[in-house]
Amino acid sequence: MSVPPGFSDDWSEIDAAYDQGPAQPAPAHRPQGGGIAARALAARQGTPQAAAADYLAGLNPEQRLAVETVDGPVLVLAGAGTGKTRVLTTRIAHILATQRAWPSQILAVTFTNKAAREMKERIAHYIGPGVEGMAWLGTFHSICVKILRNHAELVGLKSGFSILDTDDQLRLMKQVIQAEGLDEKRWTARMFASLVDSWKNRGLTPKDIPEGEARAFGNGKGRKLYAEYQDRLSVLNAADFGDLLLHCITLFKTQPDVLKDYQRRFRYMLVDEYQDTNVAQYLWLRLLAQGNSNVCCVGDDDQSIYGWRGAEVDNILRFEHDFPGAVVVRLERNYRSTSHILGAASHLIAHNEGRLGKTLFTDDKDPEAEAVTVASSWDSEEEARAIGEEIEALQSKGHSLNQIAILVRASFQMREFEDRFVTLGLNYRVIGGPRFYERAEIRDAMAYFRCVVQPADDLAFERIVNTPKRGLGEASLKLVHELARASRIPLLEAATQLCRTEELKPKARKALSDLVDSLDRWRAQLVHMKHSELAEIILDESGYTEMWRLDRSAEAPGRLDNLKELIRSMEEFESLPGFLEHIALVMDRDTADAADAVSIMTLHSAKGLEFDTVFLPGWEEGLFPHQRALDESGRAGLEEERRLAYVGITRARKRAKIWFASNRRIHGSWQSSIPSRFLDELPERHVEVVESSTRYGGYSGGGYGGGNAYGVSRFDARDPFQNTYSTPGWQRAQRAREAGSQDHGNRSDMRSSRTRAQGPLTIEGQLVAKSVSDTPSSFTVGERVFHIKFGYGRITTIEGNKLTIDFEKAGEKRVIDSFVERH
DNA sequence: AGTAGAAAACTTTTT
DNA sequence: GTTTTCTACT
């Protein structure tokens with residue numbers, strides 16, 4: 001297999017640059033005109049500082065130190081909004097302008113494609129089109145792929161290896177588990193996948209994993225399964241995400257020459273979001289940095305939110321130890337947010353232990369600055385409604401929707417906002433969300449392409465062999481599999497051979513040989529046909545497009561659109577292999593949406609962004625902090641959730657608006673909720689508790705005998721470092737919850753005295769919606785009741801507080817007793 | 001072989 | 001509430 005086009009070119013160009021070697025690149029090669037590099041060059045005879053002032057101007061002393069300390073290890077602790085990206089990009093500009101290295105000799109690593117793209121754009125500002133020479137600016141994964149493509153054979157792969165997505169990965173693991181004769185229900189592929197992932201994140205190959213962990217899975221067969229899986233991958237000439245790093249590390253460890261080559265190549269290394277690196281990434285960097293130690297890591301321990309996928313905050317905490325003589329620069333001057341927002345965020349994050357500790361400050365002294373607000377609502381629906389209203393109000397005051405974001409903890413929260421905004425006709429865009437490439441139709445299409453490009457890609461073949469339906473069922477496929485296994489050949493090869501025999505039923509044989517022939521034909525066309533055209537032909541001739549055209553379901557047209565979009569985006573690439581790689585690594589599609597729209601996204605995907613106004617809904621115990629984080633990771637989990645909260649608040653420039661709802665639907669049933677403990681951890685002087693306009697919320701409360709669940713006293717003066725579980729507000733909230741369940745029996749009567757739309761009572765609201773109850777309902781079978789949505793009906797069955805009602809108009813429904821009234 | 005209907009499982013975050 | 005997976009039927 002040859003090197004896919006697009007790589008070989010890069011490589012020779014880089015080699016050329018590399019061979020020319022150090023410090024004095026010929027001026028002729030410099031980007032034409034404009035950039036600072038040229039100007040710096042011109043000013044070279046004069047004082048370097050004068051020339052430097054161009055791009056160094058406007059940096060504060062700390063930033064400047066971070067930029068100018070180019071030799072030796074540097075750790076930049078950059079708090080939120082302190083100009084982190086600016087430092088990184090200026091530093092690169094500085095290295096280039098001072099002729100210390102060629103663009104191709106700088107390794108700049110980010111985590112997301114977005115970050116890489118952004119960095120590239122910003123560097124282009126300084127050096128013009130010369131950025132294109134920065135071949136080694138990218139995500140960890142994309143850089144690893146680039147390296148592996150050139151040395152694949154040394155780690156048991158061929159250069160054209162394919163990169164598996166999670167879907168393929170799971171199917172392959174399932175096969176491995178089955179082959180071992182294990183119960184797939186007891187040992188699911190999903191469990192195995194996360195286990196393997198965690199091993200790979202720690203840089204462990206099958207032989208390295210601790211015996212205990214190896215034994216814990218699959219009746220003690222963990223290690224064997226892992227080895228088996230890796231074997232299958234290498235037979236398939238494929239790598240999963242974790243492999244990209246792992247193989248790279250193996251390569252560096254086993255091939256000193258190769259490592260040395262890269263060590264010399266990368267004269268300067270920069271790592272963004274260092275707090276998110278996992279052990280494997282750390283090892284990788286360590287190996288490269290052994291050459292020269294010109295490593296600059298930028299990060300913020302307070303924004304480490306990816307511990308669940310193997311990120312080691314420890315990497316950043318340990319930096320000085322790992323890289324002796326490291327210069328540590330703290331960036332604490334915040335240029336983004338008002339002092340209220342900073343005050344709230346800093347006070348919150350101060351509740352975490354085990355942080356390097358930074359104190360953000362700002363010069364912003366705007367007397368008009370708005371305090372961070374905390375508001376409450378009856379339920380999540382009303383939360384969406386109220387936030388929608390606030391956004392409309394902002395809009396009518398001339399605020400741009402692009403400057404407004406809603407940041408949620410979990411993606412299921414997004415739907416309610418979408419629903420509401422659709423009703424309001426408010427423009428919104430969901431960022432993150434289900435990825436384009438993850439959609440079934442895109443995957444199917446990609447599987448076709450993969451089969452054409454990589455005949456040995458069994459997983460792709462399996463995916464499309466009977467999509468669309470060709471009458472190739474289990475029985476036929478079993479034969480193909482058996483032959484493939486027996487002769488150690490790829491499935492496609494086995495299928496081809498099988499078609500020449502009489503083993504298959506005539507119908508199946510015809511179908512299979514048609515497919516095989518088509519694949520061969522397309523492969524032949526690959527050479528001389530434009531890849532986007534060929535792609536269209538493949539989808540048409542395979543009957544795949546037809547399949548969706550005939551599909552009468554609501555999604556079908558959208559899927560066809562997606563396929564068109566896929567073909568269209570293909571045109572931007574030189575070749576089919578190049579495109580396949582792009583899809584595997586760059587999961588997000590560019591939504592350069594110009595339209596004015598509110599952004600809706602998760603807190604995780606909001607990292608690195610900023611908005612004038614940020615809405616933070618769903619600050620409730622169990623949701624945020626998320627129950628699972630607490631259950632699985634205890635205190636560390638809580639601290640990570642708190643960092644997430646910190647990230648959320650610090651996204652705001654001018655306004656941060658926190659919300660919580662008293663009731664939320666989780667897993668389909670209503671659950672009452674109590675306010676997040678993080679609310680207790682906000683400092684009173686920067687926070688304003690807002691009276692909910694609709695008065696459902698439990699926040700300011702009142703009226704309920706014996707005190708209010710979480711009102712007034714939430715911000716009682718107290719020691720800020722006290723254990724959060726014992727804060728007055730937290731305890732009170734818990735007491736209120738207990739009181740609530742005891743009183744539960746009474747409340748249907750209270751409830752029936754009013755309709756839902758009028759009730760101002762706050763605590764009652766919390767109780768009403770409790771759907772899980774062993775207290776018997778006060779209703780009786782046969783009673784005639786009224787439901788706000790379904791109208792009148794008669795109760796046929798009662799189970800606890802769940803009623804089955806035969807409605808006159810709506811038919812039989814199961815509803816919670818609190819939503820009906822006697823009639 | 002394929003489909004329809006029902007039960008079961010699953011819902012944190014993602015390169 | 002939704003999606004996936006299994007089972008039973010055509």
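Values below: every heavy atom of this structure, side chains too, minus hydrogens, waters and symmetry copies. Each chain gets a letter, A, B and so on, in the order its sequence line appears, and its residues count up from 1.
- Applying the ring pair (Phe, Tyr, Trp, His ring centres under 6.0 Å) test to A:F421 and every residue at least two apart in sequence or in another chain returns nothing.
- One finds no side-chain N or O of A:S411 lying less than 4.0 angstrom from the OP1 or OP2 phosphate oxygen of B:dT14.
- Legend: residues meeting side chain to side chain contact (heavy atoms under 4.5 Å, CB included) with A:S599, ordered by chain and number and at least two apart, are A:A405, A:R429, A:I431, A:M601, A:F611.
- In this entry the distance linking CD of A:E312 with P of B:dT15 reads 20 Å, nearest Å.
- Across the protein-nucleic acid pair, A:N113 atom CG and B:dT15 atom C1' stand 8 Å apart, rounded to whole Å.
- Judged as a salt bridge (Lys or Arg N to Asp or Glu O under 4.0 Å), and not counting sequence neighbours, the contacts of A:E620 are A:R664.
- Residues passing the salt bridge (Lys or Arg N to Asp or Glu O under 4.0 Å) test with A:E118, sequence neighbours excluded: A:R122.
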Might you list the N or O atoms of the protein lying below 3.5 Å from N or O atoms in nucleotides 2-4 of chain B, with each pair's distance?
from  : atom 1 : to     : atom 2 : distance (Å)
B:dG2 : OP1    : A:G471 : N      : 3.0

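- In this structure, A:F241 forms an aromatic stack with the base of B:dT15, since both conditions hold: centre separation below 5.5 Å and plane angle below 30°.
- The NZ-C1' distance, from A:K505 to B:dA1, rounds to 9 Å in whole Å.
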Show me the protein contacts with nucleotides 2-9 of chain C, counting only N or O atoms at under 3.5 Å.
from  : atom 1 : to     : atom 2 : distance (Å)
C:dT2 : OP1    : A:R415 : NH1    : 3.3

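- The residue among A:T139 and A:A475 whose nearest nucleotide of DNA chain B is located toward the 5' end is A:A475.
- When rounded to the nearest whole Å, the span between NE2 of A:H626 and C1' of B:dT11 equals 8 Å.
- For B:dT13, the base has a donor-acceptor partner in the side chain of A:W308 [N/O atoms by modelled type, under 3.5 angstrom].
- For A:S569, the side chain to side chain contact (heavy atoms under 4.5 Å, CB included) partners at least two apart in sequence or on another chain are A:F579.
- Side-chain atoms of A:N201 and A:E312 include no donor-acceptor pair closer than 3.5 Å.
- A:D444 is linked by a side chain to side chain contact (heavy atoms under 4.5 Å, CB included) to A:R463, A:T467, A:Y544, counting only residues two or more places apart in sequence or in another chain.
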Do A:K84 and A:D300 pass the salt bridge (Lys or Arg N to Asp or Glu O under 4.0 Å) test, and can you show the C-alpha distance, the side-chain angles, and the key distance before you say yes or no? CA-CA 9 Å; A:K84 179 194 70 164; A:D300 180 0; over 6 Å; no
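- Evaluation of the ring pair (Phe, Tyr, Trp, His ring centres under 6.0 Å) rule for A:F140 yields A:F111, A:W284 as partners, not counting sequence neighbours.
- Here B:dT14 presents its P atom at 14 Å from CZ of A:R628, a figure rounded to the nearest Å.
- Contacts of A:F412 with the nucleic acid, taken as non-hydrogen atoms under 4.0 Å apart, are absent.
- In this model, no donor atom of one side chain and acceptor atom of the other lie less than 3.5 Å apart for A:E383 and A:Q413.
- Between A:Q413 atom CD and B:dT13 atom C1' the separation is 12 Å, expressed in whole Å.
- Scored by the ring pair (Phe, Tyr, Trp, His ring centres under 6.0 Å) test, A:F624 finds A:W619, A:F678 as partners (sequence neighbours excluded).
- Taking atom P on both nucleotides, C:dC6 is separated from B:dT11 by 16 Å, rounded to a whole Å.
- Taking a pair as Watson-Crick or G-U wobble with both distances under 3.5 Å, the runs of three or more consecutive pairs in DNA chain B are B:1-10 with C:1-10.
- In this view, A:A189 and A:L170, A:M173, A:K174, A:I177 satisfy the side chain to side chain contact (heavy atoms under 4.5 Å, CB included) rule, not counting sequence neighbours.
- For B:dT15, the base has a donor-acceptor partner in the side chain of A:H141 [N/O atoms by modelled type, under 3.5 angstrom].
- Rounded to whole Å, the separation between the P atoms of B:dT13 and C:dT4 comes to 15 Å.
- Aromatic ring centres of A:F192 and A:W187 lie farther apart than the 6.0 Å criterion allows.
- Side-chain proximity of A:R190 to the nucleotides B:dT13, B:dA1, B:dT11 is greatest for B:dT11.
- With rounding to whole Å, A:M191 atom CE is found 15 Å from B:dC10 atom C1'.
- Distances shorter than 4.0 Å separate none of the side-chain N or O atoms of A:R409 from OP1 or OP2 on B:dT12.
- Distance, A:M414 CE to B:dT13 C1': 10 Å, rounded to whole Å.
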